[in-house]
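Notes for the one structure printed next.
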Amino acid sequence: MSMRTPNLTNLSGRSAENSSAGRSRGWYHWLLVAFGAVFAFVSFAFVASIAIYSAPAWAHPGQILGGSGWQSPTGPYGGLPMIVGTLETSLIAIFLACIVGLGTSIAIIFMIPKRLRTIVATLVELLAAIPSIIYGLWGFLVLAPYMFNHVDPILNKLPFAGTIFGPPGQQFGASLLLATFVLAIMILPTFIAISREVLAAVPNDLLEASYSLGATRWQVIKDVVLPTSKIGLVGAAFLALARATGETVAVALVAGGVARVQFHLLYPGTSIAAWIATQFGEAQGNEISALMALGLLLMILNFGLSLISRSLVTRQRKQLAKV
Amino acid sequence: MKLSNTFKSTVAVLFTAAGLVSIASVPSSAAAKVSCYELSKTTDVLTTKTATKCPSGYTKGTPSATLLQGTNNTGDIDLYHGTGVGTLAINGSSFDTSLVTATTSGSGDFNGVAFSSYAHSGSGGGRSGIEAGTLNIGFSDQPISAAAGTLATTGTVANTTAEVQSNFIQVPYLLGGAVVAYNLGNGFDNLKLTASEIAQIYNGAITTWSNPQIVATNGGAKTAIGIALTKLGTSGSAENTIKVCYRNASSGTTYAFTDYLHQAAGTTQVASGNAMEGTGNAWTATNVVGEGDNGSMASTLATTPGAIGYVEYSYLLVPGNAKIQGAELQDHDGVWLNPNVSTPTMLGYIANAAAAAGSNITSENFSIVNEAGKNVWPLATYSWAIVAKSQSSSISAAAGNPSAAEAVVKYLDWETHYAQVADASNNGYVPLPAAAAAYARSLLGQVQYNTTELLTATSSTTF
Amino acid sequence: MMNTMQHDANGTTSTRDYIRQRADQLRARRLAVSKVMIILCGAALVLTAIPLVVLIEQLIVRGVSQISWGFFTQLPQSPTLSAPNAVGGVSNAVVGTLALALYASIMAIPVGVLTGVYLAESDSKFAEAMRIVAQTMAGAPSILMGLFAFSVFVKYMHLGFTALAGAFALAVLMLPVVTISTEIAVRNVPSTLREAGLALGVKPHKVSLRIVIPSALSGIVTGSLLAIARAVGETAPVLLVIGGGYINEWRPLNPVSALPLSIFMGAKSVWPAQRAQVWGIALVLVAFVFILSLTARLWAGRSAKGRK
């Protein structure tokens, strides 16, 4: 988000420099504060309600965090398969998305002429606007059979296929790998949007100076732009990772819905969000609490990644302001 | 004294007149029309005639309200309900999906009453929803009972048999069968699988279709199918690995399946409608994928060569998908039964199961899996509709809305009678036996709103 | 050393030649590397574009044949063995989605806009905290909004499955987005405008309401349209709480259907006709979202030009 410097004149109509001289707070000011409070209340209630309804499940924290099987409806409710699945798919997805996304951002800024840049940017935003269920639908009905018939046989022939992908022959269309690919496609636009801003924020005189020293385009990118925007790029990665952890329906449709801790990528698994979405409809009592507890875990993970990303991008901006 | 001629002629005239009058009146009394009606037992169609004498098969008079109830004809009080019904909330077993959606939406629906989408979340979803009061009707392949192991563990409305019996009514909704389905393409028609082999597949002991046990069961390595199976193994085809599909949400179909395997093959896993996950209860096969309901299980089977799973019979019949086949299974006496011969034959096998189980079906005595007898399909099961007994109480989703409560009860009566006749076979189910339908009606008569019986409510009933 | 010996008469020419030769070699290599890397980046751009192109193509190819007048006006039907292609239309989902969008907008936009104005005009610590909260909530997983709505409406208030619950979940989703975009829009109004108003003696609240906010209006509208576009496409928040239905229902306290829900339920259907119909629903949804997004973009672009 590009935020300009704050207006120096605030609500009282006096400039910040004079603010020590007795401000008058009118009704208008308090009206706005009230709405801010409503916003704050809604956000607080958001966290609180999920936490409260998950309370019974936290009587057995070891189960939710470390139990390896989800026995419906009586429990025990083990959240480890979902946690592992979420981490596996998201981390591999961000790895793929960063490589392709960084290349794309570099291409947009350093290859595409300025007048075409808006069109390309709009196209990338369109990619971001597509609802996630469409990706899930496409992944499930189109990509899954394609992978099943064409890609999986090749993958199974690679070295180390056994350890990464699992013993051959399992070949279900739905698998953790498919979920990873779909996630990577979905978080690309998020990463590209932020990394583009970060890369473009490198001051022009720095680039001009480098070019005048005879550096090639790639040298400028590699040795000037990337190191300068390193922090912001990591921030972009964290935000895209946060988005990947929260994807629900796309993963629910393509991951296979098996609640077992799974490290073989061509086998089915599940993620926290996908498991909540598919199991909630029939859950009752303690199972609802357990699902809410999973939701709370997801919230903590997602918020943590978001906040880290935000602090990194802010730090990047401050750093560039000093240059 | 001689009677005068006048007197004689007067009397003669009078007698003649009387005679003529009586002769004249005879034809009109002989030609008096009566109403006759015939209610077909097989189609519930009511035909009325007026005739001097009712033809054979017809009954004199007009049909009573009791007779018309549940027949979808004018005068059927099942078709009457108050205004302001709103949308009835339903959910539950995907075993029932075809019949539920046929009777709650589209042209075959119940009298224009609005029902929510049938999310077919599974039998467990039906039970938990009705216990929580969020559903008007919950559909479950197993009733809430101690015998089914489905008593609730939290809450206060369904934890003991006494509670269940005082709070809920559970009526048989349909009669159907599950099949063990597989996808191997052409050349593998009518594959035979013993219960023991199926159990070994689901527990990971048998992992390939070319396994010698399966070949032996199918006539040995020299038969056409035996050769084809062995070839799968030698050619290293990916299809050879058995991909096991199971249900990862609570499922009544799973209950029937596990019940069958436990009875016929002695598996350690006992009958359970729960997702087979978690310690101690999971299928130990590793090559597995989990499906949420019958429909997605069928879809996955259709798109995964080499897969095996279990679905309700009618899912085999859906046109347009890649062919999935039902495996031949042995009945209790060891006779091989083929579900692919024809729909009437298969429905016959299921009907035999119901007959063999007898008519004393209740929520404690509900299982008809692996019944003894000839040509008895081992994976047959009833499915149940559960509603609150007192529709005005806080347990009921229709509390405060007597019209909705009335619609619920009348829908179920209509469904257990008319829909069985009109829709069941079209959707791959066996029409409920008369005893089961009568049992359903007797239970529905116990459902009340504020002490008023709902089943017989008319436009003049007040609640 | 050998080289210098040979060209003694010309002094350091040979060293220079050698250096120049090496320099040219290195530069050629650097240029080649640069070209290759840039091409790889270009390939990455193409790789990013491929899913978009393929997806749109599939949507159009598979979805267009499903669209018809009946698609929008008929209620859904369940295929039966005797009529396996009788799937009806999706009017219930269209009506439901429009109703949800309306209710969610009513709940989210006024609160979001005023909160955004507050954040733009205040520098207090509370405002700073709210800014962080808004950004974090904007990225929150949408399934959690569904859980939130479930706990409030279904469990706490015992209302069952209602459109209101679904709209609430979507409103919570939209709120941070509207807030942030409003804040940016208001901040982008040049401070000279505000200062001029204050210098003329106009009261602060009038300055905001009559001068600043109208200038920021296009940005606010853009942000709201984008928020609606996002909310309409979300499945997870509504999946848990709206109930679904087969009739054209829009009343807030009744269960309603929605386009993403119809897609979710139809994608795994065993009936091929329902799986095919899902592409039509998907096309309609994407078209709706695209039109909203493009309208928002054009509005923003046009007003930016106008301000110059």
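As the structure is a computational prediction, the values presented were derived from the model and not from experiment. Protein chains get the first letters and strands the later ones, always in sequence-line order, with residue 1 at the start of each.
- Judged as a side-chain contact (heavy atoms from CB on, under 4.5 Å), and not counting sequence neighbours, the contacts of C/Val238 are C/Leu100, C/Leu170, C/Ile242.
- For chain B, the option among C/Pro272, C/Pro79, C/Ala267, C/Pro84 with the highest count of heavy-atom pairs below 4.5 Å is C/Pro272.
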Apply side-chain contact (heavy atoms from CB on, under 4.5 Å) to residues C/Val284 and C/Phe71 and explain how you reach the verdict. CA-CA 10 Å; C/Val284 167; C/Phe71 182 80; 3.7 Å; yes
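- At a threshold of 4.5 Å between non-hydrogen side-chain atoms, the residues C/Phe153 and C/Leu164 count as touching.
- Partners of C/Ile106 by side-chain contact (heavy atoms from CB on, under 4.5 Å), not counting sequence neighbours, listed by chain and number: C/Leu102.
- A 4.5 Å side-chain heavy-atom check between C/Leu175 and C/Met137 finds every atom pair outside the cut-off.
- C/Ile247 touches chain B through its side chain: at least one heavy atom from C-beta onward sits under 4.5 Å away, while N, CA, C and O do not.
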Are there any donor-acceptor pairs closer than 3.5 angstrom between chain B and chain C, and if so, which ones?
residue  : atom : partner  : partner atom : Å
B/Ser105 : OG   : C/Ser78  : OG           : 3.4
B/Ser117 : OG   : C/Gly245 : N            : 2.9
B/Ser117 : OG   : C/Gly245 : O            : 3.4
B/Tyr118 : N    : C/Tyr246 : OH           : 3.2
B/Ser299 : OG   : C/Ser269 : O            : 3.0
B/Asn321 : OD1  : C/Arg275 : NH1          : 3.3
B/Asn321 : OD1  : C/Arg275 : NH2          : 2.9
B/Asn321 : ND2  : C/Val270 : O            : 2.7

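- Checked against side-chain contact (heavy atoms from CB on, under 4.5 Å), C/Val46 has the following partners two or more places apart in sequence or in another chain: C/Ile50.
- In terms of heavy-atom pairs under 4.5 Å with chain C, the best-connected choice from B/Gly295, B/Ala132, B/Ala119 is B/Gly295.
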Let's go through B/Leu174 and B/Phe95 carefully: what are the C-alpha distance in whole Å and the side-chain angles of both, what is the deciding distance for side-chain contact (heavy atoms from CB on, under 4.5 Å) to 0.1 Å, and is it a yes or a no? CA-CA 10 Å; B/Leu174 55 78; B/Phe95 194 89; 4.0 Å; yes
